[in-house]
Structures are given as structure tokens and as C-alpha cells.
Amino acid sequence: MFKKLLGKQINIDTLSLEERVAIAKNEPIPAHVAIIMDGNGRWAKKRAMPRVAGHHEGMKTVRKVTRFASDLGIKVLTVYAFSTENWKRPKPEVDFLMRLPVEFLGSFLPEMMERNVRVEMIGDPSLLPAHTQKALFEAMEETKYNTGLILNFALNYGSRSEMVNAMKTMLQKVQDGQLTMQDITEECLTSHLMTAHLPEPDLLIRTSGEVRLSNFMLWQLAYTEFWFTDTLWPDFSEENLLKAVENYQKRNRRYGGL
Ligand SMILES: Cc1cc(N2CCCCCC2)n2ncc(-c3ccc(F)cc3)c2n1
């Protein structure tokens, strides 16, 4: 890929990762990157390993990508870790998945503190097992004053139920006289979503060649740039994230305008 640098055309594919990071940092870095982390089961199947091996490897990729996103200066990284539809999977697989937050936080929390990373979540935690909730709430409590990258886990999250809940709250406020019909605007609905305190995603990445949203942040992604890759999530690397950011920086976002 060619980039204009200091009046010269540079073939950045010939540069090192570090050199490309330095160049990328001279242009707007997407403040909020959202990732649908697909391909874990396929990764395991290709290696004749159980599906859970792919999930476990995928968890290590979350750690790797978090480090790199923090180094790049990304402000918010939202990762779709467990959807409301995932409860339909076999119980042993769900049980394994529900232990990943415990393992991840147990091993990575000290480094996240050093890196000033804040752990947040979107979704309904009430259905998560007690050990998962405990690990999550402790990590959110311990990191709540950190001002660096926000690592935002979408857990037991579904966009349609998020929007229905927002509408119900707004309707209740209209009934209670706290809101009028004129108050019901796009901004009002946005402020009632779980992501109200976050900027909308600038870049959405989906791995493993799937090209669909799977009930993920449907409202919030209205003006987001999408980047799809055939790479399976466990194989996703700093190189892949940098490629997505470099591609993002080549696009001129119009937000519906000309
Ligand atoms: C359910 C689930 C699945 C999960 N996968 C690994 C990544 C690929 C996608 C599915 C499997 N990962 N990876 C990290 C977490 C996690 C969640 C919350 C938290 F506070 C800390 C870590 C996680 N949670």
C-alpha cells in the first residue's frame, strides 16, 4: 500500500511494524474500535482440536489486541465476547466460555492496571454465573479510575433487546411526565443505550469472513466504517489491526453527506 509522506510516495508494505505504527499515529486513530471476534471454532476444527481450544486461543488474542490498541492510542475497544444467542450452545461450551473472564482477569488485571486500562461491559450481567459476575465486577471496580484505553466487553449482549429496553425506559418516563413526545429524539434514544457514555464506533472489524452484524450495536454502527477479514480470530494479530487502521485512515467519512 502506498502512502504520501513528506511529499514522497512510500510503499509502506516494505516498512517494519514499528515504522508503520509511527506513520499511522500521525493520522487520525479511530477513537472507538468494535470487534466481532469470529472463527474460534473453525480455528480449532482446522487443528482437530475441541472448539473450546479455539475459544481459549481467542482469549489470548484479546490480550494481544488490547496491548496493541492501547499502544496505538485507541480510546475504546469493544469486543463481542458473548451474545444473547450464545446461550443456545451446548452447556459444556457455555460453561467453558463463562470461565474465560475469570482466567483473563486473573492473569491480565495487573498488566491492565500498569497500562491504565479501564474494564467496562455492555449487556445483561444478571444471567452470568456468580464466578463470572464476581471477576467482572471486581475488575470494573479496580480499574474504574483508570483513564487509558476502555476495554469494553459485550457480554450477554443483544442490540435489539438493548434498544427495546431503552424505548421502554423512555415510554415509562413519558408516562411519568419526565419526558414529553417532543423529547423523543435520536439523541434521547442514544442517551438511553448502554453505550450512552461512549463515542460511537469509528471502525468495526469482523473476522473469519462472515459479513453480518449479528445483533451487535445496530444503532451505534450507523456511520461506522466496516472492515472484514478472512483471518480467524485466534490468528488475528497486531498486523491485522494495523492494516484495519491504515485502511480506515484512507477512507473519507461523510456521515451521509457528500
Ligand atoms: C465469554 C467470553 C468469551 C471469550 N472468548 C474469547 C475471545 C473470542 C470470542 C469468544 C470466546 N472471552 N475472551 C475474553 C473474555 C472476557 C470477558 C470479560 C472480561 F471481563 C474479561 C475477559 C471472554 N469472555
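Indexing begins at 1, ligand by ligand and atom by atom, following the structure's order. Because the structure is a prediction, the values reported are computed rather than measured. Below, all heavy atoms of this structure are taken into account, side chains as well, without hydrogens, waters or symmetry copies.
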Distance-only polar pair, side chains of S159 and W219, donor-acceptor under 3.5 Å: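 Not at all, the side chains of S159 and W219 share no donor-acceptor pair under 3.5 Å.
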
Aromatic contact, F104 with F153 (centres under 6.0 Å):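 Yes.
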
Note: R20-E18 ion pair, threshold 4.0 Å (strictly below):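 Looking at E18 together with R20, the answer is no, because their closest N to O distance does not fall below 4.0 Å.
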
More than 12 heavy atoms from other groups under 6.0 Å of NZ on K64: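 For K64, atom NZ is crowded (more than 12 foreign heavy atoms under 6.0 Å).
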
ILVMFWY network linking L77 to V21, side-chain heavy atoms under 4.5 angstrom: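 Linked, L77 and V21 end up in one cluster.
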
Pairs involving residues 93-112, ordered by first then second residue, that meet salt bridge (charged side-chain N to carboxylate O under 4.0 Å, His left out) (sequence neighbours left out):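 Found R51-E93, R67-E111, R89-E93, K91-D95, E111-R115.
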
Protein residues that have a heavy atom under 4.0 Å from any atom of ligand 1, sorted by chain and number: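 Ligand 1 pocket, heavy atoms under 4.0 Å: M37, N40, H55, G58, M59, V62, A81, F82, L97, L100, P101, F104, L105, L136, F153, L155, W233.
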
